[in-house]
Enquirer: 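The structure that follows is given in the form of structure tokens.
Just so it is clear, the values below take in all heavy atoms, side chains as well, and ignore hydrogens, waters and symmetry mates. Keep in mind that this is a model prediction, so the values were computed, not measured. Along the sequence shown, residues are numbered consecutively beginning with 1.
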Amino acid sequence: DQIAQVIANLLDNAVKYGRDGGRIRVRLAPTPPAGARPAGIALAVSDDGHLYCLSVDEGKLIRKWRGGPSDEKVLGNQRIVSRWPARGGPVIVGDTVYYGAGVWQSEGVYLYAIDAGSGETLWVNDSSGGISMPQPHGGAHAESGVTAQGYLLANADQILVPTGRAVPAAFNRADGAFQYYHLQVN
């Protein structure tokens, strides 16, 4: 039932936000993403606020992690969703999974590092959603911040967090410290 919910959410988002006249192709890979631990898993985030770890071979839920501080729900995109929907698609580097939850800065935004072997949270950045910063229009300054919307990327030292239609933000991979978000540059 939970796997069906994850798949339904992914398909619904593809239909809702895909190009008009576009095609949706669903493919289940028998191997995990490069660097995934343990082998045979799939990771997916959902508007219910969770990161799901699923068994590719058995199609069963292995474990899930909740993004945000509680299970509160709100109305979002004409359905009941987590107050902190998980829209920051996971990236795996070595034995660490990184993902983001929360899209409304006023509610809080959370970036996580999870140990892929033990499932333990290594660090959480819960302060990047409420940054007082310059805005891209006419010198305005406002309480704003990062919202994790899209697939996270990683390099040797950073986690790069896409923010929907804005520029990505950068965080330190080792401890989750906020580095930059140059919204005003664009």
Side-chain angles (χ1 to χ4, degrees), residues 6 9-11 13-14 16-19 22 24-29 31-54 56 63-68 82 84-105 108-131 133 136 144-186:
V6 170
N9 183 62
L10 292 171
L11 290 173
N13 284 335
K16 190 169 204 154
Y17 300 108
R19 293 186 317 219
I24 299 170
R25 188 170 82 194
V26 177
R27 182 174 60 115
L28 295 176
T31 57
R37 306 284 189 272
I41 65 165
L43 298 171
V45 291
S46 173
D47 273 4
D48 71 359
H50 289 89
L51 167 67
Y52 289 90
C53 178
L54 308 165
V56 172
R63 185 165 180 177
K64 68 179 180 176
W65 295 264
R66 183 188 68 225
S82 170
W84 303 276
R87 294 188 183 163
V91 63
I92 302 169
V93 181
D95 291 329
T96 306
V97 179
Y98 303 89
Y99 81 102
V103 294
W104 300 289
Q105 294 99 333
V109 175
Y110 299 82
L111 185 63
Y112 293 90
I114 307 287
D115 182 280
S118 70
E120 297 300 313
T121 300
L122 301 173
W123 55 255
V124 179
N125 180 314
D126 60 358
S127 61
S128 62
I131 302 169
M133 60 190 295
S144 185
V146 176
T147 60
Q149 297 189 64
Y151 290 101
L152 278 59
L153 299 171
N155 62 31
D157 301 313
Q158 298 172 310
I159 296 297
L160 302 171
V161 179
T163 60
R165 294 181 179 158
V167 297
F171 294 82
N172 184 297
R173 237 183 69 201
D175 61 9
F178 173 76
Q179 292 181 329
Y180 62 83
Y181 179 45
H182 299 303
L183 182 64
Q184 70 281 8
V185 173
N186 292 315

Enquirer: Please check: side-chain N/O of Thr121 versus main-chain N/O of Trp123, any donor-acceptor pairing under 3.5 Å?
Expert: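 Absent.
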Enquirer: How close do Pro162 and Gly150 get, heavy atom to heavy atom, and via which atoms?
Expert: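 Distance-wise, the nearest heavy atoms are CG-C, 3.3 Å.
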Enquirer: Do the side chain of Asp126 and the main chain of Tyr110 share a donor and acceptor less than 3.5 angstrom apart?
Expert: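 No: the side chain of Asp126 does not pair with the backbone of Tyr110.
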Enquirer: So which heavy atom on Thr96 is nearest to which on Ala113, and how close?
Expert: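 Closest heavy-atom pair between Thr96 and Ala113: CG2-CB, 4.0 Å.
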Enquirer: Closest approach of Val103 and Ala148, non-hydrogen atoms and distance?
Expert: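 Of all heavy-atom pairs spanning Val103 and Ala148, the closest is CG1-O, 4.4 Å.
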Enquirer: If I compare all heavy atoms of Leu111 with all of Leu152, which pair ends up nearest, and what's the gap?
Expert: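 What the structure gives for the nearest pair is CD1-CD2, 3.6 Å.
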Enquirer: Would you name the heavy atoms of Val167 and Tyr181 that are closest together and state the gap between them?
Expert: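 Result for this residue pair: O-CE1, 3.1 Å.
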Enquirer: List the residues meeting side-chain contact (heavy atoms from CB on, under 4.5 Å) with Arg173, not counting sequence neighbours, and say none if there are none.
Expert: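 Partners of Arg173 under the side-chain contact (heavy atoms from CB on, under 4.5 Å) test: Val93, Tyr98, Ala154, Ile159.
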Enquirer: I need the minimum non-hydrogen distance between Ala101 and Gly68, along with the two atoms involved.
Expert: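 Shortest heavy-atom separation between Ala101 and Gly68 comes out as CB-N, 4.4 Å.
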Enquirer: What's the spacing between Asn172 CG and Gln158 CD if we round to 0.5 Å?
Expert: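 Reported value, rounded in 0.5 Å steps: 8.0 Å.
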Enquirer: Under 3.5 Å, side chain of Tyr151 to main-chain N/O of Val161, donor-acceptor pair present?
Expert: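 No, Tyr151 side chain to Val161 backbone: no donor-acceptor pair under 3.5 Å.
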Enquirer: Is the His50 ring parallel, tilted or perpendicular to the Tyr52 ring (thresholds 30°, 60°)?
Expert: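 Tilted: the ring planes of His50 and Tyr52 meet at 30° to 60°.
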Enquirer: Can you measure from CZ (Arg87) to OG (Ser82) and round to the nearest 0.5 angstrom?
Expert: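 With rounding to 0.5 Å, CZ (Arg87) is 10.0 Å from OG (Ser82).
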Enquirer: Run Phe171 and Ser128 through side-chain contact (heavy atoms from CB on, under 4.5 Å) and show every step you take.
Expert: CA-CA 10 Å; Phe171 294 82; Ser128 62; 3.6 Å; yes
Enquirer: Where do Gln149 and Thr163 land on the side-chain contact (heavy atoms from CB on, under 4.5 Å) test, with the steps shown first?
Expert: CA-CA 5 Å; Gln149 297 189 64; Thr163 60; 5.9 Å; no
Enquirer: Nearest 0.5 Å please: distance from the CG atom of Leu43 over to the OH atom of Tyr99.
Expert: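 The CG atom of Leu43 sits 10.5 Å away from the OH atom of Tyr99.
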Enquirer: Do the side-chain N and O atoms of Ser118 and Glu120 include a donor-acceptor pair separated by under 3.5 angstrom?
Expert: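 Their side chains do not contain a donor-acceptor pair, so the 3.5 Å distance test is not met.
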Enquirer: If we ignore hydrogens and angles and just use 3.5 Å, is the side chain of Asp47 paired with the main-chain N or O of Gly49 as donor and acceptor?
Expert: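 No, because the side chain of Asp47 does not come within donor-acceptor range (under 3.5 Å) of the backbone of Gly49.
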Enquirer: Okay, side chain of Trp65, backbone of Gly119: is any donor-acceptor separation there less than 3.5 Å?
Expert: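 Flag set: sc Trp65 to bb Gly119 pair under 3.5 Å.
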